[in-house]
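Written below as structure tokens is the structure these notes are about.
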Amino acid sequence: DVERSRGLGDVYKRQDINVLALEVYKPGMAQLLARMVREDIPNIRLLRGDAVDIMESMLPSNYLDGVRVFFPDPWPKARHHKRRLLQPGTFELIASVMRPGGILHVATDHAEYAEFIEETGDACRYLIRRHEGLATPAPMSLQRPTTKFEGKGLREGRAIHELSLIHISEPTRPLYI
């Protein structure tokens with residue numbers, strides 16, 4: 001399970017789950033380290049750096065059971081959209097480091113970004129939407145902690161958009177060149 005370190009919940013106290021938390025900001029790392037010590041959470045490994053760079057250079061194919069991206073920066077101005085974490089290439093990269101059956105779990109309170117995430121995730125040939133009530137259980141919990149970003153969005157009246165995608169071993173559509 002890989003996670004950007006914001007919003008780690010009690011689910012990570014489960015000893016049967018190992019977590020690789022990725023964080024680019026020192027304050028975020030310091031907060032997580034303090035919580036790990038204070039709450040005696042031994043199953044988290046923390047890496048400082050850009051999640052895309054880490055997935056490209058440090059994680060082998062079919063390595064993760066899941067990836068969680070909760071409340072990524074929406075970069076709402078059109079000229080900044082290229083800075084968004086979830087781009088077409090990022091979906092492909094995430095799929096490449098997840099095992100077949102792995103889950104990409106995303107949440108945002110930004111409606112336009114949510115629409116973009118859904119469209120872009122649906123376009124990724126190695127990901128399909130995971131619908132509630134599937135006979136096959138998810139390889140990780142789909143419980144999601146409430147982050148400070150979610151709390152702020154809810155206080156401001158924004159809806160929370162959540163999406164779960166499953167990594168499949170065979171592409172859903174052919175690739176034409």
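Values below: all heavy atoms of this structure, side chains included; hydrogens, waters and symmetry mates excluded.
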Can you tell if the side chain of L165 reaches within under 4.5 Å of the side chain of I128, non-hydrogen atoms only?
no
Please give me the minimum heavy-atom distance between H105 and S164, naming the atom from each residue.
CD2-OG, 3.6 Å
So does G151 get a backbone contact from the side chain of R155, meaning a donor-acceptor N/O pair under 3.5 Å?
yes
How long is the span from the CG atom in L22 to the CD1 atom in I54, to the nearest 0.5 Å?
4.5 Å
Considering non-hydrogen atoms only, spot the tightest contact between A21 and I44 and give its length.
CB-CG2, 4.1 Å
Spacing of E23 atom CD and D50 atom CG [to the nearest 0.5 Å]
11.0 Å
Could you check whether any side-chain heavy atom of L127 comes within less than 4.5 Å of a side-chain heavy atom of H167, counting everything from C-beta outward?
yes
Taking atom OH of Y63 as the centre, does the number of heavy atoms from other residues, nucleotides or ligands within less than 6.0 Å exceed 12?
no
From OH (Y126) to CD1 (I168), nearest 0.5 Å
8.5 Å
Test of understanding: clusters of I, L, V, M, F, W, Y form through side-chain heavy atoms closer than 4.5 Å, transitively. Do Y25 and W75 belong to the same one?
no
What distance do L154 atom CG and K152 atom NZ have between them, rounded to the nearest 0.5 Å?
12.5 Å
The residue among I103, L59, L104, N18 that forms side-chain contact (heavy atoms from CB on, under 4.5 Å) with L64 is L59
To the nearest 0.5 Å, tell me how far R35 CZ sits from Q31 CD.
10.5 Å
Is there side-chain contact between R129 and L163, with at least one heavy-atom pair below 4.5 Å?
yes
Over all heavy atoms of both residues, which pair between P74 and Y113 is shortest? Give the atoms and the distance, please.
CA-CD2, 3.5 Å
Which residues pass the side chain to side chain donor-acceptor pair (under 3.5 Å) test with H161, sequence neighbours left out?
none
Do E56 and D53 make a side-chain contact, defined as non-hydrogen atoms from C-beta onward lying under 4.5 Å apart?
yes
Pair up each side-chain donor or acceptor in residues 86-97 with any protein partner under 3.5 Å, not counting sequence neighbours, and list the distances.
{"from": "Q87", "atom 1": "NE2", "to": "H81", "atom 2": "O", "distance (Å)": "2.6"}
{"from": "Q87", "atom 1": "NE2", "to": "R84", "atom 2": "O", "distance (Å)": "3.2"}
{"from": "T90", "atom 1": "OG1", "to": "L85", "atom 2": "O", "distance (Å)": "2.8"}
{"from": "S96", "atom 1": "OG", "to": "L93", "atom 2": "O", "distance (Å)": "2.7"}

Less than 4.5 Å apart, any side-chain heavy atom of K148 and any of F71?
no
Would you say that P76 contacts H110 through its side chain, given a criterion of any heavy-atom pair below 4.5 Å between the two side chains?
yes
Taken in chain and number order and not counting sequence neighbours, the residues that satisfy side chain to side chain donor-acceptor pair (under 3.5 Å) with E156 are R158
Are any of the side-chain heavy atoms of R83 and D73 separated by less than 4.5 Å?
no
For R45 and P42, which heavy atoms make the closest approach, and how far apart are they?
NH1-O, 2.8 Å
Grab the two heavy atoms, one from R99 and one from N62, that are nearest each other, plus how far apart they are.
CG-O, 3.0 Å
Does V24 offer a backbone N or O that forms a donor-acceptor pair with the side chain of R48 under 3.5 Å?
yes
At what distance, to the nearest 0.5 angstrom, does CE of M29 lie from CG of L32?
8.0 Å
